[in-house]
Every structure is written in structure tokens, then in C-alpha cells.
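Accompanying notes for the structure given below.
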2 protein chains.
Amino acid sequence: MTEQRPASNPVTMREVAAAVGVSVATVSLVVNNKKDARIGADTRRRVMEAIRELGYRPNALAKNLVQGSSRFIGLVADAIATTPFAGQIISGAQDEAWKHGFVLLVANTEGNESAEREAISMMLEHKVLGILYSTWFHRAADIPAALRETNFVLVNCFSPDGDSRAVVPDEEQGGRTATGMLVDRGHRRIAFVNTTTAAPARDGRLKGYRAALEAAGIPFDPDLVLDAIPNQEGGYGCVPDILRQGATAVFCHNDRVAMGLYDGLRQHGLAIPDDIAVVGFDNQEVIAAHLRPPLSTVALPHYELGVAGVRLLLGLDRVEEHALVRIECPPVERDSAGVRR
Amino acid sequence: MTEQRPASNPVTMREVAAAVGVSVATVSLVVNNKKDARIGADTRRRVMEAIRELGYRPNALAKNLVQGSSRFIGLVADAIATTPFAGQIISGAQDEAWKHGFVLLVANTEGNESAEREAISMMLEHKVLGILYSTWFHRAADIPAALRETNFVLVNCFSPDGDSRAVVPDEEQGGRTATGMLVDRGHRRIAFVNTTTAAPARDGRLKGYRAALEAAGIPFDPDLVLDAIPNQEGGYGCVPDILRQGATAVFCHNDRVAMGLYDGLRQHGLAIPDDIAVVGFDNQEVIAAHLRPPLSTVALPHYELGVAGVRLLLGLDRVEEHALVRIECPPVERDSAGVRR
DNA sequence: TTGAAAGCGCTAACAA
DNA sequence: TTGTTAGCGCTTTCAA
């Protein structure tokens, strides 16, 4: 394996100093714009000029080394490739990290445990300030032992033992919000197509659904809660049941289920939202925004999860030691829920 | 086993050496498992033990510094958050980078030029071995000047001047493959819903479409080529035109267009693939795999683009200086094209 | 206002 | 087989 040429030799601070005829200390002072050190206006000018002329770039490795702390934040994700969700977490984490002068070291593990171990090792060896450990869907996660060697916060997942800082979406509030969109339109028989998969999303959204019903004085009818595989096929498949139950509105576990539901409903000659109203969950753009009619849904706040994760890591938000921070799932109103009464 | 220390004060090699009673050089030798240096079996054992006991982790920053080269590869992407595509590029790049002992420094710029400059600066300061500059859709890209300070390869984009190494999907072959799927089923009036957006995808896929037709001895009919906004609405909107032209099959610019087309076709009471066959492009999983019927399409090889990018960067594949490397877009057969005759 | 010098944690000659 | 030593490029006292 022939690897590329050895790193080209970049301009060093010493060369800049030599070019100007000052010491490296002086150059360092002006490069970092140290406030306390008084540098002659002329010297400063000449140094700056030399920097520009020689194309000098500070060596972050050396700087980090001498300062004993890197400006890295690690982010391990379990599914960068397969969903847009991880991307949004990364994006949020990066924007926030960047804002505070930090750089993201990203590792994709695709659920592979040894890749995970390797990734964490690598980050530890780069002396990251801390690690964000994230999953693409909200769930309990076993915490790799090595994580405990540094600061870490869980993003979109949490420790079963509740002994770690974590940021997760507020599923219950999300379920309440989604159901509320339907209640607000005057619906009283609202079906809920939940997922078959045991997960916080399943329990939380159901809880929210019931809470919204209760708040509106609508009795809970267990027959209106259906379980389906959380994708298009699942949504399509439960159309007959929904119709049998005489529902006038459906809250779907996610947007993909809603997409399948659309198909089934249409096949029965039913119009959305006039014959039956639909709301989804996730706000998966490619789908939700372009269904016919565009799908009203509730957004999973992945970007905000990423932001909150680094804020916790950096200690920017005051919060109890092992708190589980819940982030709001905001409503995204489009057309499938009908017009508000 | 490992007594916890504040992350800010990690165990150093010197401490390990002191604990064992050897020199740091010896420790370095065993840590890096240097092949040529002979270390006493007993010494090696004791060092390893101390490493485990103290929880020593090598400091990659120091190592990189002294070796004059980091093991970083930078990857700047313009849309991590908005599509799964960037994620696949990252994923491919990372897998390949890791395989060769490199770590990815990822920066998301969301098209923002100053973010881009900052990102590249940051990477340069970390003395990356090189930079992958990637875009989420295949297009010509202006190359930021700073990029030229290091090795770089363009991924999913190319320099208008053709003066840089680049890896892109083979649009023409993709168009040929997609059209071929339809031709193979005996269709002769095949519509092509192209995009309204000027881009390599537009020209390349059209070229491929025509090539496939020609290879099958089918005359090209310009009336069968429609332009539409490349999303669901666009696909939906051109159904009447397609029917008017008497097409028995449609090749869609992408899967989203196909999704809209499905809707429109259904509304006309037409069955896919029996009344009309459809193939898409992109292989956007959430959509293609779960449409009814599942969509036959051609995959955009984002993962492979990432892989090829780092291979080029590392000089693992021999290739001419400013070559434009084209990666195959493989067919993904599902059900919407019908049964092969 | 500037410079000299001591490291940061590690690797790699060269010695022993 | 192992230790000594000289840096890598930079920051940071402390002196001048």
C-alpha cells in the first residue's frame, strides 16, 4: 500500500519569527492576540505580514499538546449511513461545538461493538474533552466501559441504570401534541397506530395520546389502539381495522406508517383529511412534506438533541448530575389533519 | 481494575515507565509493538501489566506531533443534516479511512461559505493528511482556495476546470441501466421524466436513456422526455402528459418523482407495473423499498464514493493526475418494472 | 516591549 | 536488551 507523500513541511512559527527577526514567543503572542501582552504596533504589523506572506498556519496538534487539552469532542453514532437522523444530531452537535471553538471527531459504528470500542479508544487517545454517545432511535443503551474514562453524555439514548447524563426527545409530550392536533379539530374517535417494537417511543407516545384524550374528556378506548410494524406496510395493513372501529382520525406512530395508511385509505376511496384525518410523527422531510396532502406531524428534535448534548458536555447548561434532559417535539402543521375549528 | 482519574490528568508514558522501573523508550517500544526491537519477555509483561493497571492511553496528539504527520483526514460536507446521502459518503469514507489507521474530521457547512472556510482552516491546522470535499448532489463546485494548501479530492462534485481529482457517480451508465430495465421487459414507448435542474444528473441520465434506446433499436422520441421539478409534486404533475404520449413505461429522474407518479397513476386507476411500468433513480431506501409496489431503481453509490475518495487521497488506487473517477450506479430490482420477459 | 528557556508526551537515533 | 538524549511546534513563565 503506497500512501501519499509524507506531510508537506508546513511553515512553522520559528520560520515566521526568523523572517521577522523576533522570537517565537513574540510571534505566539501576536498569533493568539494575547490581551495582556503589550506588543509594539510595528512589530505586530511586521509579524502579521510575515504570517500572510509565508502562509503560516498554527499547528493545532502542538498547541493542544502544550496546553494539555485538545479542543476535540467525540461523537459516536450507530447509524450515520442508514437514516438522516444521525446526520441531524451530528449537525446540531457540530454547530454548537464550533460555536465554542471545538471540533467534532465523528465515528460511525453501525452497531458494531468492536468498531465502537475502537472508536472510543481513538477518541480517548486524542484526548477529547468528552464524548457524545448517540443512537439513531430513542432507546436504552448499554454504556461501553471505556466511555467512563471521560466525560460523556448520551444522546437519544439513556442508561438503563439512570446513572448517566442523557438527552432524549420528550415522547410523551410529542404524543400529546400529535393527538391534540386531532382533538382540536373536534375528533373524538381517534385511532392510534402504535409500533410493535418495545421502546420509549411506544410507551411515551401512548401515554401522551391518553393524556390528550383525558384532557379533552374523551374516554380511552383500547380498541382504537392498534399495533403495527412501524413502516409503510404496517400502516397500510391496519386500514381495515381502523375503518371497522369507526375512527375519524388517526395518529400514526411515525411518518412512514402514515404513508402506508394514505395508500390504504385511498384504496378505500377515502379522502384525507375530509373523510379521515391523519397525523404522523418524526417529521421525516422526504416523506412528510411531499405526501398528498402534505402530512401534519410532530418533529423529532434531532438537531436540538445534538446541540443539547454538547451544551451538557461543556457544562453550559446547569442541570442535576444524572439528569435525563427531555427535549420538546414540536408540532409541524401541514394539511392532513384538516382545518382547525 | 483502573482507578479513575480526572480526564484532564491522564496517565503518561513516563508514569508507566516509573512504575515498572524502565525508561520511556522501553515503554514506547512495547506500546507500539515495534517488530525489530527486542524486548525481554519479562519486561514486556511487566510493562503491559502496568499499562493495564494504570489505565494508560497513548497520547495521539504527542505522537502525531513528533512524527510530523497526523492521521487525520478531513471531510467537509455541505448537507449532513438534510439528506441521508451525506451520511453514506461519510460512512464509506470512514470505513476506508479506519482501515488504514486514519480518523475522520468531519465538518458540516450547510452550504455556508464562511463555515466552509473555517472548516478547512481548522483541518489545515490539524495537519490533516488531506481533505475530501463533498456535496450532497452531483454538481460542479467552486474549489475554496484554502483547499489547495493540501491534498484534496472532490467527492460527488468536480472542478469546472477539470484540474482536480474527483469521484462522481456514473450518471450515464445509470441512465442506461434504468432504461435498460424497461427495455428488457419489452417496452418500446418509454417516457423519461427528467429534472428541470441543470446538472450532470440531467445530462448524463438523458444520455444514458438515449443510449439504451438506441442499443435496442428504438427511435428516440423527444415528446417522451418530460421535465419536472425533481420531487413528488413534479412526478404527480406529469402523469397526464405521460398518458397522452401513450407510454407504457416511465423512467423517473429520481425516486421521489416516482413516488408522485405512483399517486397520479393510481388516481387514473392504472396499476403498476401491469398497466404501466416504473423505474426510479437514487435508491432512497425510505421511499423506494416501501412504495406499493416496491420501486425498481438504480442506486446512487454514495458509500462507494466515500470509499473511493479516501483511496484516491491515500494514493491506494493508481489513477491519472486529474482524473474524474466514475463510480457505477448499480440496478436495484424490485417490483415496479414488472417481470423480465 | 521582547527574548530565553523550560517543557507538553512522545518517538527515534544512538549508546551502553 | 535497554537507557539517554534530542527534538516535534508550540505556550508560558521569568528576565532583560
Side-chain angles (χ1 to χ4, degrees), chain A residues 6-48 50-51 54-72 101 124-128, chain B residues 5 7-48 50-51 54-72 101 124-128:
Chain A
S8 42
N9 25 346
V11 183
T12 72
M13 191 177 265
R14 177 147 57 223
E15 297 175 62
V16 175
V20 182
V22 296
S23 73
V24 290
T26 304
V27 177
S28 174
L29 259 17
V30 354
V31 164
N32 295 294
N33 206 15
K34 285 285 181 201
K35 199 58 206 231
D36 50 344
R38 298 260 45 96
I39 299 285
D42 183 60
T43 309
R44 160 169 273 119
R45 214 209 59 250
R46 279 162 52 227
V47 170
M48 304 271 268
I51 286 176
L54 299 177
Y56 167 77
R57 298 259 186 199
N59 182 326
L61 301 174
K63 180 169 183 162
N64 288 162
L65 177 59
V66 64
Q67 293 184 328
S69 72
S70 88
R71 309 243 63 184
F72 290 124
L124 259 14
E125 292 178 11
H126 282 91
K127 307 300 166 192
V128 293
Chain B
R5 297 184 61 152
S8 51
N9 186 13
V11 182
T12 71
M13 192 176 264
R14 176 146 59 228
E15 295 176 64
V16 175
V20 182
V22 295
S23 74
V24 289
T26 304
V27 177
S28 173
L29 258 16
V30 353
V31 164
N32 295 294
N33 206 16
K34 283 287 180 199
K35 201 57 204 225
D36 50 342
R38 305 117 314 188
I39 300 284
D42 183 60
T43 309
R44 161 168 274 118
R45 216 207 59 250
R46 280 161 51 226
V47 170
M48 303 271 268
I51 287 176
L54 300 177
Y56 167 77
R57 296 260 185 201
N59 183 325
L61 301 174
K63 183 170 179 160
N64 288 161
L65 178 58
V66 62
Q67 294 185 326
S69 73
S70 87
R71 312 248 37 175
F72 290 124
L124 259 14
E125 292 179 10
H126 281 89
K127 307 301 166 191
V128 293

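Basis for what follows: all heavy atoms, side chains included, without hydrogens, waters or symmetry-related copies. Labels below follow one simple rule: chain letters A, B, ... track the order of the sequence lines, proteins then strands, and each chain is numbered from 1.
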Using a cut-off of strictly less than 4.0 Å, decide whether Thr43(A) has a side-chain nitrogen or oxygen near OP1 or OP2 of dT2(C). yes
What is the per-nucleotide protein-contact pattern of nucleotides 6-16 of chain D, from the 5' end, where B denotes a base atom under 4.0 Å from a protein heavy atom, S denotes such proximity for sugar-phosphate atoms only, and - denotes neither? -BBBBBB----
In this structure, how many angstroms lie between the P atom of dC10(C) and the CD atom of Glu125(A), rounded? 10 Å
Can you name the nearest heavy-atom pair linking Val47(B) to Val20(B), along with the distance? CA-CG2, 3.9 Å
Which pair of non-hydrogen atoms, one from Asn32(A) and one from Lys63(A), has the smallest distance, and what is that distance? OD1-NZ, 2.9 Å
Note: Met13(A) and Ser28(A) closest approach over all heavy atoms is CE-CA, 3.5 Å
Looking at every heavy atom in both Val24(A) and Ala17(A), which two are closest together, and how far apart are they? N-CB, 3.7 Å
Integer-rounded Å distance: dT1(C) C1' and Arg45(A) CZ: 16 Å
Nearest heavy-atom neighbours spanning Val11(B) and Tyr56(B): O-CD1, 3.4 Å
Measure CG/Leu61(A) against P/dT11(C) and give the value in whole Å, please. 14 Å
Protein-nucleotide distance (Ile51(B), atom CD1; dC10(C), atom P), rounded to Å: 10 Å
Whole-Å distance separating the CG atom of Asn33(B) from the P atom of dC10(C): 17 Å
Aromatic plane relationship, Phe72(A) with Phe72(B) - under 30° parallel, 30 to 60° tilted, over 60° perpendicular: tilted
Base-pairing string, 5' to 3', of DNA chain C - Watson-Crick or wobble, under 3.5 Å, | interstrand: ||||||||||||||||
List for me each residue that meets salt bridge (Lys or Arg N to Asp or Glu O under 4.0 Å) alongside Arg46(B), sequence neighbours excluded, and say none if there are none. Asp42(B)
If you count heavy atoms of other groups shown closer than 6.0 angstrom to CZ of Arg45(B), is the number above 12? yes
